[in-house]
Number of protein chains: 2
Amino acid sequence: MSSVKDVAKLAEVSVATVSRVLNQDPTVKTKNRLKVLKAIDELHFSPNILAKNLRKKSSSTIVIVMSSISNPFFADIVKGAQEAIRDSNGYNMIIGTTEWQADTYRNMLRTNQVDGILVISSWANEQTIQDLNAHYPVVMCNEYYENMNLSYVAIDNRKASYDAACELLQRGCKHIVYVAGAKDSSSVKDRLGGFKQALADAGVTFQPHFFVQPKKGREEIGTLLNDMVDRGIPIDGLLTHSDLYAAHILKGMEDRTIHLDRKTGLISFAGTFVTQITSPRISSIVQPAYELGFTSVQLLLRKIKNKEIHKSKQVILNHQLVIRET
Amino acid sequence: MSSVKDVAKLAEVSVATVSRVLNQDPTVKTKNRLKVLKAIDELHFSPNILAKNLRKKSSSTIVIVMSSISNPFFADIVKGAQEAIRDSNGYNMIIGTTEWQADTYRNMLRTNQVDGILVISSWANEQTIQDLNAHYPVVMCNEYYENMNLSYVAIDNRKASYDAACELLQRGCKHIVYVAGAKDSSSVKDRLGGFKQALADAGVTFQPHFFVQPKKGREEIGTLLNDMVDRGIPIDGLLTHSDLYAAHILKGMEDRTIHLDRKTGLISFAGTFVTQITSPRISSIVQPAYELGFTSVQLLLRKIKNKEIHKSKQVILNHQLVIRET
DNA sequence: CTGAAAGCGCTTACAG
DNA sequence: CTGAAAGCGCTTACAG
């Protein structure tokens, strides 16, 4: 419960000197420094961060917003982010929830509760991001918006999707269903673009009814696909936006005639642990989740430290096509 | 960038009045209130939370500590917690990481950055919890410590484990391997206790070499179990501390002679989505993750609001044995 | 019902 | 190298 005042009194110096010791100001004479350190120790003093941030108008804290905490892919990104924070010496990170509105985050930034914001995936619309990005340090991870001088870290989703589609086409798949993500984010668009491109390059016509976008949740996929099977539409390949989609498809298809293996391929994004516990194990475009998080935080911290709000940088990390049992 | 001072000037009242309007003080005359509200609107003012908390010595924020963000069971708990926070009108929640040391949390509590702490699972040792619990509002979720007047929410792990073991015994399993959690937490102990009790009640001797505790990570389980199989030790049932253990066992055993189905049973804790995407689907003790989180936050908020640091309450929620395909 | 003033616990020009 | 003082943006007794 002690404050700098108490420490100052005990150490027989001014509060200014205490503050200087706290902030490693080299001008403090060793003798005084030692006295202060001793007093701090005796009183079990530690500074009030609230007061410090209020005064300094900065918090050495970033907030990371995730659309869904239960997605294992995001969890891996967070691990990378944590590591970068640990390497940052002095910065902290809090995890915000999507429950909070954009206003909450804007306020946190405005009042210096946090110095910057890392947006993982598509939590907010373009307008919101643009608004935040104009005034505060923002980095997006995994998704992006064009034409707004935004810093982001992602993979080349178009290329990744193209690669996956080529793999399926090479296996001889002709009737490939594309299961898109629920929201119309950049990754959803880019991946669909890459998929179509691969078909076109292989001389295969893209059939609109092979495009499936479950807007209401994972359960819907099963229904949608089973409908297709029941209507006699042939399916000999699938490319899905997420591992969990793929896992649910695998389960949903189990008691149908369609059998998903290495011939009738199933490839998913993003290669989390989920792809390793299903039977068969799911082939996937593995995204460097850890690096995505790590690099994003590096970018954000650089922005904050160098006060480069209006300087943006884009980093594209490499993906990898890993063939497992589908 | 405006402050109460700016608002006061524009509304032609004192900052005290502005503050009163901000805090819904009913004594402010309607005319003044309207003037203030208008000024707030015009200036796009919103209060600086840092300054407010510093002055009020409370933050209306709780922090939730999780041992692992990537565990789907914990993610479900967090969802419940979020819902309770939303119902709380006015409280916020931040998610802390295990990276932070106990000191960080103690400091957050001491300097009113947060009003209370919710500890999910076993993040800290008994001494740390006791220390925090003596001075600040603490609630534990999913785990507990005895003899320290601690509030917690959990299931009856002993009973749950007993139930699961009985199911296996009833199926005729004689050689049941028990795969314990890595840390020696209350749930790990209680579940082992329940398991042993069930064996005893059924007249089956507990064999120490049927107790497996992978301390180094999930990968170890496969090795440990395969060793047993290779040494000719018969296994006709398994009870595991987590869904992920079970999922990995299922994969690890695939190419062994042992086949895990509804006869040679496999039952896991806690029934997350993981148990539904494996083949076969894993039977499990389903824990009410959402309710665990929800109830924990309720308990914590009550403690904070009523300033009942030294009054503790324990809530035991019901578990459920769900038989799927193992 | 309202305002002037003190204070939450820090940091930082400024003067010496 | 150090201290007195101002100030970050709020809230809250206190007096009127």
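Here is the naming used below: chain letters follow the sequence lines, and residue numbers restart at 1 for every chain. Please read all numbers here as calculations on a predicted model, not as lab measurements.
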- Under-4.0 Å side-chain N/O to phosphate OP1/OP2 contact, Thr17(A) with dG3(D): yes
- Could you check how far CG of Asn112(B) sits from P of dC10(D), rounded to whole Å? 18 Å
- Query: How long is the line joining CG of Asn23(A) and C1' of dA13(C), in whole Å?
  - Reply: 15 Å
- Message: Nearest to the Lys57(B) side chain among dT12(C), dC8(C), dT2(C), which nucleotide is it?
- Response: dC8(C)
- With a 4.0 Å cut-off on heavy atoms, is Val18(A) in touch with a base, just the backbone sugar-phosphate, or nothing at all? nothing
- Query: Rounded to the Å, how far apart are Arg55(A) CZ and dA13(C) C1'?
  - Reply: 9 Å
- Comparing nearest nucleotides in DNA chain C, the 5'-proximal residue of the pair Asn32(B), Arg110(B) is Asn32(B)
- Message: Which residue in the set Ile62(B), Val114(B), Ile64(B) passes side-chain contact (heavy atoms from CB on, under 4.5 Å) when paired with Ile94(B)?
- Response: Val114(B)
- Message: Can you tell me the base-pairing partner of dA4(D)? Count Watson-Crick or G-U wobble geometry only, both distances below 3.5 Å, and say none if there is no partner.
- Response: none
- Item | Under 3.5 Å on both distances, the Watson-Crick or G-U partner of dA13(C) | none
- Note on the structure: Looking only at dA5(C), dG9(C), dA4(D), the nucleotide nearest the Ala51(A) side chain is dG9(C)
- Task: Starting from P on dC1(C), measure out to NZ on Lys29(B) and report it in whole angstrom.
- Result: 8 Å
- Message: A quick test of your reading: do over 12 heavy atoms of other residues, nucleotides or ligands sit less than 6.0 Å from NZ of Lys311(A)?
- Response: no
- Please check the phosphate of dG3(C) (OP1 and OP2 only) for any side-chain N or O of Ser14(B) closer than 4.0 Å. yes
- Message: Can you identify which nucleotide, out of dC10(C), dG9(C), dC10(D), has its nearest atom closest to the Phe45(A) side chain?
- Response: dC10(C)
- Message: How many whole angstroms separate atom NZ of Lys52(A) from atom C1' of dG7(D)?
- Response: 18 Å
- Message: How many whole angstroms separate atom CG of Leu50(B) from atom P of dG7(D)?
- Response: 20 Å
- Task: Looking only at side-chain atoms of Ala16(A), point me to the closest of dA4(D), dG3(C), dT11(D).
- Result: dA4(D)
- Message: Can you measure Asp25(B) atom CG to dA13(D) atom C1' for me and round it to whole angstrom units?
- Response: 13 Å
- In whole Å, what is the span from the NZ atom of Lys9(A) to the P atom of dG3(D)? 15 Å
- Query: Counting only side-chain N and O atoms of Thr27(B), is one of them less than 4.0 Å from OP1 or OP2 of dC1(C)?
  - Reply: no
- Message: Please report the interatomic distance CG(Leu299(A)) to NZ(Lys313(A)), rounded to the nearest 0.5 Å.
- Response: 6.0 Å
- Respond yes when some side-chain nitrogen or oxygen of Ser3(A) is under 4.0 Å from OP1 or OP2 of dG9(C), and no when none is. no
- Note on the structure: Taking dG3(C), dC10(C), dA4(D) as options, the one with an atom nearest any side-chain atom of Asn48(A) is dC10(C)
